[in-house]
**Q** 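This is the structure, below, for whatever I ask next.
The structure displayed is predicted, hence computed values, not measured ones. In what follows, every chain begins at residue 1, and chains take the letters A, B, ... in the order their sequences are listed.
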2 protein chains.
Amino acid sequence: MFQLDLKSRKSIYEQVTDNLKELIMTGILASGEKLPSVRELSKTITVNPNTVQKAYRELERQGYIYTTSGVGTFVADISQIRVDAHALERARAAFDEAFREFLFLGLSFDDAQRIALEIMEQRRLSDD
Amino acid sequence: MFQLDLKSRKSIYEQVTDNLKELIMTGILASGEKLPSVRELSKTITVNPNTVQKAYRELERQGYIYTTSGVGTFVADISQIRVDAHALERARAAFDEAFREFLFLGLSFDDAQRIALEIMEQRRLSDD
DNA sequence: CTAAGTGTACCATGCAGCATAGTACACTGT
DNA sequence: ACAGTGTACTATGCTGCATGGTACACTTAG
């Protein structure tokens, strides 16, 4: 389903959250589709069920999935996902910081922006 | 000298590192200028000397500052800072992820890119 | 030379977050 | 009834971070 990076600074449950989020937003997991159960996914990616549940809980809190007790977890209607203002503000801050990192490394502003545009263009293509 | 955010996910020594890095790369701290001593800075921002030292050690490792034992710590010649290939690769990955976060939040690609350009433009202005 | 200030290196402690293991319970569908 | 589902809880160990404290070598100012 997706890959985990144990060396990453991100915790496992965050990686699971982000990976699923990407699969949902890109439509690979369609609205209404059933996600693997907590126990099943935990076996697949060999992590603890609690860790998977933590990811699911977070995704539900953010509105990406919904749960029917005793039945399973399903992908929500992403067209209904309102853009969370606070989350957007955090994302802006993170983006600004990521961009500044180029400058800290010694790149000129123009070089940094050129790299930034490259990366975004590549993302546009790969997400189609 | 700068502000710390205790609520941040970033550790304190990382914040100190990044803040100093910014002051150096923007020229606010000039090449050759003496940095506050470990003990002095630790008092100023009320953190443990060990934490400040950790930041200084990291900055020295990355070439932003240099040390003369018994004398002090000084800002290196930033024109000599070579762009670390590994660091650049990490920065690219971080940037890509920050940008994708916009998409995950439900923004269209065009909206996301528009916001990205806004942020970069603002950065260009504030860094001059 | 002496004292103060500097970087540097340790060690011990406490804390928080994360991941794990295990158990238990309520719910649903077959 | 049973299997599968989500959910909750406790306990444990690990890691990184921050702190407090001590110690040593070095340099500069007096």
Side-chain angles (χ1 to χ4, degrees), chain A residues 1-21 24 29 32-76 90 94, chain B residues 1-21 24 29 32-76 90 94:
Chain A
M1 195 157 193
F2 47 74
Q3 271 295 333
L4 291 183
D5 176 13
L6 297 181
K7 302 175 209 155
S8 167
R9 299 189 43 152
K10 261 196 197 168
S11 61
I12 295 180
Y13 91 88
E14 279 179 303
Q15 291 183 52
V16 174
T17 303
D18 290 351
N19 274 309
L20 287 175
K21 208 184 281 188
I24 291 171
L29 289 177
E33 189 167 343
K34 186 174 184 305
L35 291 173
S37 76
V38 169
R39 292 172 179 81
E40 186 186 344
L41 181 54
S42 77
K43 282 181 190 167
T44 306
I45 60 181
T46 51
V47 299
N48 194 277
N50 290 322
T51 304
V52 174
Q53 195 208 346
K54 195 170 182 180
Y56 277 19
R57 194 189 313 149
E58 182 63 17
L59 285 170
E60 182 169 23
R61 196 188 65 78
Q62 294 180 25
Y64 291 90
I65 63 180
Y66 64 92
T67 278
T68 309
S69 189
V71 181
T73 306
F74 305 88
V75 177
R90 279 197 302 275
Chain B
M1 195 160 194
F2 47 76
Q3 271 296 331
L4 291 183
D5 176 12
L6 298 181
K7 302 176 209 156
S8 168
R9 299 190 43 152
K10 261 195 196 170
S11 60
I12 295 181
Y13 91 88
E14 279 179 303
Q15 291 183 53
V16 174
T17 303
D18 291 350
N19 274 310
L20 287 175
K21 208 185 281 189
I24 292 171
L29 290 176
E33 189 169 343
K34 187 175 184 304
L35 291 173
S37 74
V38 168
R39 291 172 178 81
E40 186 186 343
L41 181 55
S42 77
K43 282 181 189 166
T44 306
I45 61 181
T46 51
V47 299
N48 195 278
N50 289 322
T51 304
V52 174
Q53 195 208 345
K54 194 171 183 180
Y56 277 18
R57 194 189 312 148
E58 181 63 17
L59 285 170
E60 182 169 24
R61 196 189 64 77
Q62 294 180 26
Y64 291 89
I65 63 180
Y66 65 92
T67 277
T68 308
S69 188
V71 182
T73 306
F74 305 87
V75 177
R90 279 197 302 275

**Q** By nearest heavy atom, map A:Ile12 and A:Ser69 onto DNA chain C; which one lands nearer the 5' end?
**A** A:Ile12
**Q** Closest nucleotide of DNA chain D for A:Arg57 versus for A:Val71: which of these residues is on the 5' side?
**A**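 Going by which nucleotide is closer to the 5' end, it is A:Val71.
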**Q** A:Thr67 side chain N/O closer than 4.0 Å to the phosphate oxygens (OP1, OP2) of D:dT5?
**A** no
**Q** With a 4.0 Å limit, can you tell me whether B:Lys54 has a side-chain N or O closer than that to the phosphate oxygens OP1/OP2 of D:dC17?
**A** yes
**Q** Let me know the distance between NZ of B:Lys34 and P of D:dT27, rounded to the nearest Å.
**A**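 In whole Å, D:dT27 P and B:Lys34 NZ are 15 Å from each other.
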**Q** Taking C-beta and beyond as the side chain, do B:Leu20 and B:Tyr64 meet within less than 4.5 Å on heavy atoms?
**A** no
**Q** Would you say a side-chain N or O of A:Ser37 is under 4.0 Å from OP1 or OP2 of D:dG4?
**A** no
**Q** Round to the nearest Å and state the distance from B:Glu58 atom CD to D:dC17 atom C1'.
**A** 15 Å
**Q** Taking 4.0 angstrom as the limit, do A:Glu40 and A:Lys43 come out as a salt bridge?
**A** no
**Q** Has the side chain of A:Arg39 got a donor or acceptor that lies under 3.5 Å from a partner of the other kind on the base of D:dG6?
**A** yes
**Q** So, A:Glu60 and A:Arg57, do they make that salt bridge, N to O below 4.0 Å?
**A** no
**Q** Examine D:dT19: is either OP1 or OP2 under 4.0 Å from a nitrogen or oxygen in the side chain of B:Asn50? Give yes or no.
**A** no
**Q** Return the 5'-most residue of the pair B:Arg9, A:Thr68 with respect to DNA chain C, ranking by each residue's nearest nucleotide.
**A** B:Arg9
**Q** Could you tell me whether the phosphate oxygens of C:dA19, OP1 or OP2, come under 4.0 Å of any side-chain nitrogen or oxygen in A:Asn48?
**A**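 So the side chain of A:Asn48 is outside the cut-off, no N or O lying under 4.0 Å from OP1 or OP2 of C:dA19.
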**Q** Keeping the roles fixed (side chain from B:Gln15, backbone from B:Lys10), state whether a donor-acceptor pair exists under 3.5 Å.
**A**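 Judged by distance alone, yes, a pair lies under 3.5 Å.
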**Q** D:dT7 C1' sits how many Å from A:Tyr13 OH, rounded?
**A**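 From A:Tyr13 OH to D:dT7 C1': 18 Å.
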